[in-house]
Asks: 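Let me give you the structure first, and then I'll get to my questions.
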Number of protein chains: 2
Amino acid sequence: MNIGEIARRSGVSPSTVSYALSGKRAVSEATRQRIQAVIDELGYRPNAAARALREGRTRTIGLVIPPARGRLTFMQLDFVAGVMDAAARADLDVLLSPSGGDHDRSFERITTEHRVDGVILMEIRLDDPRVTRLQRLNLPFVTIGRTARPEGMSWIDVDFAALIGRCVDHLADLGHRHIALINRSAELIASGYGPACRAHEGFVAATTRRGVEGFEYPCADDAQAGEACVEAILRSRPDVTAAATVNEAALPGVQRALMRSGLQVPRGFSIAGVAARFWAEQFHPTLTAADLPAQEMAATAVDFLTERIADPDAAPKQHLLVPPISLRDSTGPAPAPR
Amino acid sequence: MNIGEIARRSGVSPSTVSYALSGKRAVSEATRQRIQAVIDELGYRPNAAARALREGRTRTIGLVIPPARGRLTFMQLDFVAGVMDAAARADLDVLLSPSGGDHDRSFERITTEHRVDGVILMEIRLDDPRVTRLQRLNLPFVTIGRTARPEGMSWIDVDFAALIGRCVDHLADLGHRHIALINRSAELIASGYGPACRAHEGFVAATTRRGVEGFEYPCADDAQAGEACVEAILRSRPDVTAAATVNEAALPGVQRALMRSGLQVPRGFSIAGVAARFWAEQFHPTLTAADLPAQEMAATAVDFLTERIADPDAAPKQHLLVPPISLRDSTGPAPAPR
DNA sequence: TTGTAAGCGTTATCAT
DNA sequence: ATGATAACGCTTACAA
């Protein structure tokens, strides 16, 4: 079933069918209807490969996600879902490529064989070989997170430094004077992973600025680590009355440890963080947190990408988000010292 | 950069380049090396659209996931990750299509425009219009879960009835005589959603067979519902000493309610379930559960699909999994009646 | 208002 | 062992 067959059965030329479909040339209403009738009857749809070959674009974008090994965070999942959504709205298909820092087959395939018109790169590192690769290939791309030199490219990022600053401000305003930061894992920080590093910087800056004492604790991305981390905080720093966190995966364990310690939240201990809304609401009591706007980021990313695809020479765009903190039930006035 | 350019620079014809690359015709070692050198120098990769047009296949499979609205369960996520993995190993790309029961643009596009060679359909309903659609289109597909009449097609499913039966057996063996089932939501059951319906059937069968009392509780897919559900069980049925569950998303709430009730698990209350290993291990204490083998299912699904693509007339394959129950820390002997 | 034809980059059939 | 060439199905300049 191809355009020629439709043309034959409608008694017109292939080009007329093409134009009837695209509307790029006037077609008399009578023939248009005749063609449409045949198309409906046979259920014809133009072949994507032929169209891609001819037009030089695939109407498909690539979404490069972290490899399956490490489980995706909810924030990342929400982002993926958001990209699917935004792409669907723009009638774009999404080719998923799980790939780590170095090039792997899937990443190479979709980028070099012209399977996609552009790429959204998640979880980039400060110095990311894939970015260089895409630049060399001259393939439009947008990154989630910034590289070390993000000037000339399109990216969207969350200002973790500012957000942790706001958490500290909020807690200090409530009278807390000894505040812990539950950060991501030590390895992640050491490897220069943006969100973790910037959380650190923001925490140091804010505690200094506010004149409160800050204690930073690295924590792996799982419930067990969160539990151990809170136990460590309570044991080593009995003067700490509040914590800020960017580690959403640790939250279930954080909650468990607090529950078991007998401390009431927020009466005995306050906690504020940066997390996907899902985790904030699963927390008990619900977590005062800057909700990561994954949907918005995804929509913006698709937007930026389609712009770059349409006009590769236009100035790249950047967007640094600072979502507001949603006040929920996990923060309150500092208790009397324990 | 195309095959003609490579041919010119190597001083051979395009067909020779093609054959050098595919190995489908003998090419003298000398010219092969010359060609390879040029290819390496220029970084040439064949254009996927041209190849797809010519060969009539895309080397891409479609993965139809539930729409972004409802969040995916961990089981589903693991499955998606597993498909990506298996597809990557087979050098296949994966086009993601979030689509509900009725046809939507994305599903229509990838299936009718020949963007994919075949489709994996997740979360099908007992009577699913997409299945009929794919059959009519004559596009190879594999379903996860069975329709009402699954005979003539390839599918992979988990035997929830048998698994819940095993949970009940295990609990009955431990002396429990009053057992609750925390099922999925009432709506899901009413709509004929396979896993929920079969959990129900398996529970009725097993409690009858073992001569124990069974109480079924529907429960929405979130922590709050899980919490409320356990509270309802403890309140309305004080004689219940154990529960079986297929609702992994409710587990965090189940745990919270048990913790708050003061019941020790497993000393005062036992719980066994069917869940992704992630949830089982996040549970506290770790959950005795049949771990859903998402990876294996995904690998099998890709396998079945590639078989159907290679030979559409071969007999369809089916695979009904009954993974073993992993004994962890949430089940123990029945306590004295409360 | 419509038709003709070239060409997108491959692969595979026929020659040589 | 290699080359010429005809498709694959579509879009779009160019003609009429």
Side-chain angles (χ1 to χ4, degrees), chain A residues 1-36 38-39 42-60 91 93 109-117 137 139, chain B residues 1-36 38-39 42-60 91 93 109-117 137 139:
Chain A
M1 184 48 40
N2 58 29
I3 201 171
E5 180 68 18
I6 302 296
R8 205 166 314 117
R9 300 213 192 196
S10 328
V12 296
S13 77
S15 58
T16 301
V17 176
S18 177
Y19 286 122
L21 244 27
S22 70
K24 291 185 182 173
R25 185 167 89 173
V27 173
S28 80
E29 186 56 21
T31 51
R32 223 219 74 243
Q33 289 193 358
R34 196 147 32 89
I35 292 169
Q36 191 58 52
V38 175
I39 285 178
L42 301 192
Y44 164 78
R45 299 293 307 273
N47 179 295
R51 179 180 272 176
L53 178 56
R54 168 67 221 221
E55 293 191 323
R57 65 189 177 122
T58 59
R59 299 160 191 261
T60 303
D91 278 332
D93 282 322
R109 211 171 33 228
I110 72 167
T111 52
T112 59
E113 295 180 357
H114 295 106
R115 287 180 117 90
V116 296
D117 298 333
L137 287 169
L139 189 67
Chain B
M1 183 49 40
N2 59 30
I3 201 170
E5 181 68 19
I6 302 298
R8 204 167 313 117
R9 301 214 192 194
S10 327
V12 295
S13 75
S15 55
T16 301
V17 176
S18 177
Y19 285 120
L21 243 27
S22 69
K24 290 184 183 174
R25 185 167 92 173
V27 172
S28 81
E29 186 54 23
T31 52
R32 224 218 74 244
Q33 289 192 359
R34 196 147 32 88
I35 291 169
Q36 191 58 53
V38 175
I39 286 177
L42 300 193
Y44 162 78
R45 299 293 307 272
N47 178 295
R51 180 181 269 179
L53 178 57
R54 168 67 221 212
E55 293 192 320
R57 62 185 180 129
T58 58
R59 298 162 191 263
T60 303
D91 278 332
D93 282 323
R109 211 170 34 229
I110 72 167
T111 54
T112 61
E113 295 181 357
H114 295 105
R115 286 180 117 90
V116 297
D117 297 334
L137 288 169
L139 189 67

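So you know, we letter chains A, B, ... as the sequences are listed, proteins then strands, and number each from 1.
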Asks: Considering only nitrogen or oxygen atoms on both sides, find all protein atoms under 3.5 Å from nucleotides 6-8 of chain C and state each distance.
Replies:
{"unit_1": "C/dG7", "atom_1": "N2", "unit_2": "A/R54", "atom_2": "NH1", "d": "3.1"}

Asks: For the side chain of A/S18, counting heavy atoms from C-beta on, which of D/dT12, C/dT10, D/dT2 is nearest?
Replies: D/dT12
Asks: How many Å lie between CG on B/L21 and P on C/dA12, as a whole number?
Replies: 12 Å
Asks: In whole Å, what is the span from the CD1 atom of A/I39 to the P atom of D/dG9?
Replies: 16 Å
Asks: Are A/R59 and A/D91 close enough for a salt bridge, meaning some N to O gap below 4.0 Å?
Replies: no
Asks: Could you check whether any side-chain N or O of A/S10 sits under 3.5 Å from a backbone N or O of A/I6, counting only pairs where one atom can act as donor and the other as acceptor?
Replies: yes
Asks: Whole-Å distance between D/dA7 P and A/N47 CG?
Replies: 18 Å
Asks: I need the A/E29 CD to A/Q36 CD distance, nearest 0.5 Å.
Replies: 10.0 Å
Asks: Tell me which of B/A26 and A/I3 sits closer to the 5' end of DNA chain D, going by the nucleotide each one is nearest to.
Replies: B/A26
Asks: Please tabulate the protein-to-nucleotide N/O contacts below 3.5 Å involving nucleotides 14-16 of chain C, giving atom names and distances.
Replies:
{"unit_1": "C/dC14", "atom_1": "N4", "unit_2": "B/R25", "atom_2": "NH1", "d": "3.4"}

Asks: Would you say a side-chain N or O of B/T16 is under 4.0 Å from OP1 or OP2 of D/dA1?
Replies: no
Asks: Side-chain donor or acceptor of B/S15 under 3.5 Å from a matching atom on the base of D/dA4?
Replies: yes
Asks: Can any side-chain N or O of B/D117 pair as donor or acceptor with the backbone N or O of B/T58 at less than 3.5 Å?
Replies: yes
Asks: Report the C-alpha distance between B/R54 and B/R51 in whole Å, list the side-chain angles of each, state the deciding distance to 0.1 Å, and finish with yes or no for side chain to side chain contact (heavy atoms under 4.5 Å, CB included).
Replies: CA-CA 5 Å; B/R54 168 67 221 212; B/R51 180 181 269 179; 5.9 Å; no
Asks: Are the side chain of A/T16 and the backbone of A/V12 linked by a donor-acceptor contact shorter than 3.5 Å?
Replies: no
Asks: Taking atom P of C/dT10 as reference, at what distance in whole Å does atom CD1 of B/I35 sit?
Replies: 14 Å
Asks: If I take atom CZ from residue A/R9 and atom CZ from residue A/R34, how far apart are they, to the nearest 0.5 angstrom?
Replies: 14.5 Å
Asks: If I take atom CG from residue B/N47 and atom CZ from residue A/R115, how far apart are they, to the nearest 0.5 angstrom?
Replies: 9.5 Å
Asks: Give a yes or no on whether the backbone of A/S18 and the side-chain of A/S22 come within a donor-acceptor separation of less than 3.5 Å.
Replies: yes
Asks: Using atom CZ of B/R8 as one end and atom P of D/dA4 as the other, report the distance to the nearest whole Å.
Replies: 12 Å
Asks: Find the distance A/R57:CZ to D/dC10:C1' and express it as a whole number of Å.
Replies: 13 Å
Asks: Roughly how far apart are A/L42 CG and A/Y44 OH, rounded to 0.5 Å?
Replies: 11.0 Å
Asks: Do you see a donor-acceptor pair shorter than 3.5 Å between the side chains of B/S28 and B/T31?
Replies: yes
Asks: Side chain of B/V27 only, please: which of C/dT2, D/dG3, D/dT2 is the nearest?
Replies: D/dT2
Asks: Between A/R45 and B/R34, just flag the one whose closest nucleotide in DNA chain D comes earlier from the 5' side.
Replies: B/R34
Asks: Need the bend value for the helix from C/dT1-D/dA16 to C/dT16-D/dA1: angle between end axes, 5 pairs each end, nearest 10°.
Replies: 40°
Asks: Below 4.0 angstrom from OP1 or OP2 of C/dA12, is there any side-chain N or O of B/K24?
Replies: yes
Asks: Rounded to the nearest angstrom, tell me the gap between atom CZ in B/R59 and atom C1' in C/dT11.
Replies: 11 Å
Asks: Test A/R45 against B/T111 for side chain to side chain contact (heavy atoms under 4.5 Å, CB included), laying out the working first.
Replies: CA-CA 10 Å; A/R45 299 293 307 273; B/T111 54; over 6 Å; no
Asks: Describe the nucleic acid contact of B/S22 in one word from base, sugar-phosphate, nothing, applying a heavy-atom distance below 4.0 Å.
Replies: nothing
